[in-house]
Amino acid sequence: MSSNTKIDRKVKDLSLAEEGRRKIEWAESRMPVLLELRRRYAETKPLRGARIAGCLHVTKETAVLVRTLVAAGAEVAWSGCNPLSTQDDVAAALADEGTRIYAWHGMSVDEFYWCIDRTLDIEPTLTLDDGADLIFSIHNRRKEKIAGVWGGTEETTTGVQRLRAMAGDGALGYPVIAVNNAETKWDFDNVYGTGQSSLDGILRATSILIAGKNFVVAGFGRCGRGCAMRAKGLGANVIVTEIDPICALKATLEGYRVLPMEEAARIGDIFITATGMKDVLDGKHFDAMKDGAVVCNTGHYDCEIRIADLASRARSVREIRRDNDEYVMKDGRRVYLLAKGRLVNLAAAEGHPSEVMDMSFANQFLAMKLLVEKKGTLENKVYDVPKEQDEEIAALKLATMGIRVDKLTDEQVRYRTDYSSGT
Ligand SMILES: NC(=O)c1ccc[n+]([C@@H]2O[C@H](COP(=O)([O-])OP(=O)(O)OC[C@H]3O[C@@H](n4cnc5c(N)ncnc54)[C@H](O)[C@@H]3O)[C@@H](O)[C@H]2O)c1
């Protein structure tokens, strides 16, 4: 792909493009569903005429999505959805092949919103979010853009929850598809993706032994379940904290110990928050922690750990390793905060493995296509992904894995709905 210098863009270092291109190629070799969709729609170009503003982690998998949207005819402008998650080589590769991209690792909060604003310069007809910061920017600061937008998609749990609240208040200015809530996303990406990549982030930032450690997982939803499962697999004693009795019961029957955080804080060696809720770990927990405790977050925002409480208790702070800050408490205990409390899997590792993003981004792609097809007919609500889309993606994924499933016979189909006979 040729270098394109006419397109407006801002990335850290364009000379990283070749390295980024190789990373993207590697991801493509693991994302057969998205590549099949790219092949299918490259000629008919169902996204022709659509201008997509995207705000989603700039990783090698996202680059595969961007290439697929462009191949289907869309014009795209992109920013990262977290100041610490952009892979600079991938951003450089995308910029080099002509994408309007505004993203670099380690940006400030002001720069984060500046990047979003630049993507709005394309006058988007569609928005693609992970955490809804783009949609919030349009609704709170750039209201003049709402009229031009046909619809949007949302990638993550926290974003969907807030957009549903907005729609409930009548404040949502255009329809949104909750990509997160597709079964082929929520039950795979959040569980197996977050599980593996969060442990990957913890290992890269600490290099410690997981076996034998008390590993505290706050929140036993999809992400928490994945983290607990993988930590257990590495030999940790997993402790779960919850606020929901059903989730707490599920954790108990999975064999995990369930405790209130105030008790878990005293015995934990490693803590990970996966709740989407603020202040899950705060001052009283830091006061109780053992010397050497490691603390991190894999929920969308960096508010799950009250870093101000940690800072106010520390007599010194230093970066002891990459993505690992040592807080020495006034009484001499040390607490280690990974990735500054931001998504540990994206900031300290590379985010979810490509194989799982294959399904999430196939959902994003098909949801964008659906928004084009349904343009002008949807209400300003949050819609779930249609069941048929979920089934199509699951079937495609299985086919690419060489796995076949059985089919019901006609007799079995009749049996399923037969209410004339019993025992
Ligand atoms: N790291 C990633 O790459 C990644 C991927 C997907 C989702 N996410 C984010 O992770 C978070 C969780 O997503 P999910 O899909 O697992 O959501 P979920 O709704 O399935 O699970 C969240 C769980 O947290 C529990 N919870 C809420 N407040 C709590 C508290 N104070 N203490 C203990 N438990 C509490 C809830 O009861 C629920 O069981 C969201 O912010 C989501 O956006 C991150």
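When a residue number appears, it is its place in the shown sequence, counting from 1. Order of listing sets the numbers, starting from 1, for every ligand and every atom in it.
Counting heavy atoms under 4.0 Å from ligand 1, residue Arg225 does not touch it at all. Heavy atoms of Ala274 found under 4.0 angstrom from ligand 1 belong exclusively to the backbone. The proximity of Trp186 to ligand 1, defined as any non-hydrogen pair under 4.0 Å, is limited to the side chain. Under 4.0 angstrom from ligand 1, the non-hydrogen atoms of Thr275 come from both its backbone and its side chain. Residue Leu343 touches ligand 1 through its side chain alone, judged by heavy-atom distances below 4.0 Å.
Put simply, the side chain of His352 reaches to within 4.5 Å of the side chain of Thr194, judged on heavy atoms.
Listed by number with element, the atoms of ligand 1 under 4.0 angstrom from any heavy atom of Asp244 are 37 (O). The distance from ligand 1 to the heavy atoms of Gly299 drops below 4.0 Å at these ligand atoms: 9 (C), 10 (O), 11 (C), 41 (O). If you number the atoms of ligand 1 from 1 as listed, the ones under 4.0 Å from a heavy atom of Gly219 come out as 24 (O), 25 (C), 33 (C), 34 (N). Residue Thr156 has at least one heavy-atom neighbour below 4.0 Å for each of these atoms of ligand 1: 6 (C), 7 (C), 8 (N), 9 (C), 42 (C), 43 (O). Near Cys247, the atoms of ligand 1 lying under 4.0 angstrom from a non-hydrogen atom of the residue are 39 (O). Contact atoms of ligand 1 toward Asn190: 6 (C), 7 (C), 15 (O) (distance under 4.0 Å to a heavy atom of the residue). Proximity to Met277 (heavy-atom distance under 4.0 Å) selects the following atoms of ligand 1: 28 (N), 31 (N). If you number the atoms of ligand 1 from 1 as listed, the ones under 4.0 Å from a heavy atom of Thr241 come out as 33 (C), 34 (N).
For Thr298, a nitrogen or oxygen atom sits less than 3.5 Å from a nitrogen or oxygen atom of ligand 1, counting backbone and side chain alike. When only interatomic distances are considered, the shortest N/O to N/O separation between Cys223 and ligand 1 falls below 3.5 Å. Between Thr158 and ligand 1, an N or O atom pair is found at a separation short of 3.5 Å. An N or O contact shorter than 3.5 Å is missing between Lys185 and ligand 1 by distance. The shortest N/O to N/O separation between Thr194 and ligand 1 does not fall below 3.5 Å.
Note: Ser108 OG to Tyr113 OH = 11.5 Å, rounded to the nearest 0.5 Å.
The aromatic rings of Trp114 and Tyr102 stand perpendicular to each other, their planes meeting at an angle above 60°, with 30° marking the opposite boundary.
For His57 and Ser85, the side-chain atoms include at least one donor-acceptor pair closer than 3.5 Å.
Using a cutoff of 4.0 Å between basic side-chain nitrogens and carboxylate oxygens, Arg22 and Glu25 are not scored as salt-bridged. Checked for salt-bridge contact, Glu392 and Lys369 miss the test: no charged N lies under 4.0 Å from a carboxylate O. Taking the charged nitrogens against the carboxylate oxygens, Lys387 and Asp390 have no contact shorter than 4.0 Å, which rules out a salt bridge. Arg51 and Glu75 are not joined by a salt bridge, as no carboxylate oxygen comes within less than 4.0 angstrom of a charged side-chain nitrogen. Arg142 and Glu144 are joined by a salt bridge, as a carboxylate oxygen and a charged side-chain nitrogen come within less than 4.0 angstrom of each other. Between Arg30 and Asp358, none of the side-chain N atoms (NZ, or NE/NH1/NH2) sits under 4.0 Å from a carboxylate O, so this pair counts as no salt bridge. Using a cutoff of 4.0 Å between basic side-chain nitrogens and carboxylate oxygens, Asp269 and Lys213 are not scored as salt-bridged. Ion pair Arg100/Asp121 not flagged as a salt bridge, since none of the NZ, NE, NH1 or NH2 atoms sits closer than 4.0 Å to an Asp/Glu carboxylate oxygen. Classification of Arg67 and Glu97 as a salt-bridged pair holds, one side-chain N sitting under 4.0 Å from a carboxylate O.
Between atom 17 (O) of ligand 1 and the options Thr157, Val344, Ile243, the minimum heavy-atom separation is to Thr157. Of the options Val356, Asn82, Val280, Leu346, the smallest heavy-atom separation from atom 31 (N) of ligand 1 is shown by Val280.
Asn345 ND2, 3.4 Å is the protein heavy atom nearest to atom 2 (C) of ligand 1. Nearest protein heavy-atom contact of atom 25 (C) of ligand 1 is Glu242 OE2, 3.3 Å. Atom 21 (O) of ligand 1 has Gly221 CA, 3.1 Å as its closest protein atom, hydrogens excluded (heavy atom only). For atom 9 (C) of ligand 1, the closest non-hydrogen atom of the protein is His300 N, 3.6 Å.
Of the residues Lys23, His105, Lys60, the one that meets the side chain to side chain donor-acceptor pair (under 3.5 Å) test with Asp89 is Lys23.
Residue contacts with ligand 1 include His352, since one or more of its heavy atoms lies under 4.0 Å from the ligand.
Aromatic rings from Phe220 and Tyr256 are positioned such that their centres are separated by under 6.0 Å.
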